[in-house]
Q: 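Take this structure first; my questions come after.
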Amino acid sequence: MKLQYLGTAAAEYIPAIFCKCETCKKARENGGRDIRTRTQALLDDGRLCIDFSPDSYWHSIQYGFDLTDIHDYIITHSHSDHLYSTDVSMLHQGFANLPEDAEYRFHGGKSVIEKIENSIYLPHDEKRIKRIFLEPYKTVDIAGYNVTPLKAFHGTDDPYFYIIEKDGKSILWAHDTGYFFDEVWEYLEKNKPHFDFISLDCTNGTFEGIKAHHMSLDICAEVRDRLREIGCCDEKTVACVNHFSHNAPNVLYEDMKREAAKYGMICSYDGMIVEI
């Protein structure tokens with residue numbers, strides 16, 4: 001599998017849209033990998049997309065792909081930085097000139113489905129904009145990938161994070177979530193999926209001990225180590241930290257790269273491509 005990080009920030013961007021903190025000042029000065037848009041990822045050049053960020057349009061321009069060619073989106077939760085329903089409504093007839101049989105499928109929990117339904121106001125678009133409910137812990141085939149939603153520890157009714165498997169390779173995409181619920185650990189220990197790549201929420205940077213709703217770097221390492229203990233990953237598994245807030249320390253790229261390396265992990269940046 002090929003994974004491309006399109007955006008790697010939390011809701012406010014880095015630099016944040018209205019902020020003069022030192023992190024934001026330095027990001028504006030430095031540019032490059034210190035500029036982070038909101039989190040989104042692409043698998044295999046558009047066969048599957050993770051989340052529908054408010055920056056989806058910009059990502060398509062920046063990285064040279066056509067959103068009309070991406071027909072399946074797995075959505076983690078209904079917060080607007082991960083599901084921007086205003087742009088989903090741009091699929092409406094009259095806004096988008098597409099073949100009559102064109103379908104765009106948005107997969108997620110109940111609150112995701114409801115948010116997308118609220119953006120549909122023309123009967124024809126019921127056929128074009130498909131809403132597909134995913135049950136936690138039930139593996140389904142989406143665009144040729146085996147996708148398993150896991151319950152996330154986050155601030156919406158039914159947030160998910162995902163196991164994504166294809167051709168003998170497996171990714172754990174753990175955004176937005178805090179330290180995993182006991183029932184998630186029980187599922188993982190019982191089923192023992194083996195991950196080649198894990199992407200972990202590090203919104204809180206090098207703050208310590210933060211487990212609720214998002215994680216800090218030390219808790220990301222704790223999650224990685226527990227996954228090793230129960231046999232879900234090993235020393236060959238690549239662990240990457242992602243989804244950063246300007247409010248946390250050491251989230252500029254070179255700083256976080258250095259801090260993550262202390263734990264044997266790597267740091268994402270916008271546009272980064274990983275071959276798995």
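Side-chain atoms are counted along with the backbone in the values below, which use heavy atoms only and exclude waters and symmetry mates.
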Q: Can Glu12 and Arg36 be counted as an ion pair, charged N to O under 4.0 angstrom?
A: no
Q: Testing the 3.5 Å rule here: is there a donor-acceptor pair between the side chains of Thr139 and Asn146?
A: no
Q: Under a 3.5 Å threshold, yes or no: a donor from one side chain and an acceptor from the other, between Asn30 and Tyr253?
A: no
Q: Going by heavy atoms in the side chains, are Val238 and Ile276 under 4.5 Å from each other?
A: no
Q: Taking Phe161 as the fixed residue, which of Phe180, Tyr179, Phe153 is the one that meets the ring pair (Phe, Tyr, Trp, His ring centres under 6.0 Å) rule?
A: Phe180
Q: Do the rings of Tyr187 and Tyr137 sit parallel, tilted or perpendicular, given the 30° and 60° boundaries?
A: tilted
Q: If you measure from the Lys or Arg side-chain nitrogens to the Asp or Glu carboxylate oxygens, is any gap between Glu229 and Arg226 under 4.0 Å?
A: no
Q: Quick check: are there more than 12 heavy atoms from other residues, nucleotides or ligands sitting under 6.0 Å from NZ of Lys192?
A: yes
Q: Determine the sole option in Ile75, Thr148, Ile142 for which the side chain to side chain contact (heavy atoms under 4.5 Å, CB included) test with Leu134 is passed.
A: Ile142
Q: Examine Met272 and Ile171 and state if one hydrophobic cluster contains both, with Ile, Leu, Val, Met, Phe, Trp and Tyr joined whenever side-chain heavy atoms are less than 4.5 Å apart.
A: yes
Q: In terms of side-chain geometry, is the basic nitrogen of Asp34 or Lys26 positioned less than 4.0 Å from the acidic oxygen of its partner?
A: no
Q: In the single-linkage hydrophobic clustering (I, L, V, M, F, W, Y; side-chain heavy atoms under 4.5 Å), do Tyr269 and Leu6 co-cluster?
A: no
Q: Do Thr68 and Asp66 have side-chain N/O donor and acceptor atoms under 3.5 Å apart?
A: yes
Q: Do Asp176 and His79 have side-chain atoms, one donor and one acceptor, less than 3.5 Å apart?
A: no
Q: Where does the angle between the aromatic ring planes of Tyr162 and Tyr160 fall among parallel (under 30°), tilted (30 to 60°) and perpendicular (over 60°)?
A: perpendicular
Q: Would you say Val184 ends up clustered with Leu227 if hydrophobic residues are merged whenever their side chains have heavy atoms under 4.5 Å apart, either directly or through other cluster members?
A: yes
Q: Have Asn242 and Thr8 got a donor and an acceptor in their side chains that come within less than 3.5 Å?
A: no
Q: Would you please say whether a donor-acceptor pair under 3.5 Å links the side chains of Thr76 and His175?
A: no
Q: Count the heavy atoms of every other residue, nucleotide or ligand shown that sit under 6.0 Å from CG of Asp141, and state whether that count exceeds 12.
A: yes
Q: Are Asp55 and Arg38 within salt-bridge range, i.e. N to O under 4.0 Å?
A: yes
Q: Between His243 and Thr203, is there a side-chain donor-acceptor contact under 3.5 Å, judged purely by atom types and distance?
A: yes
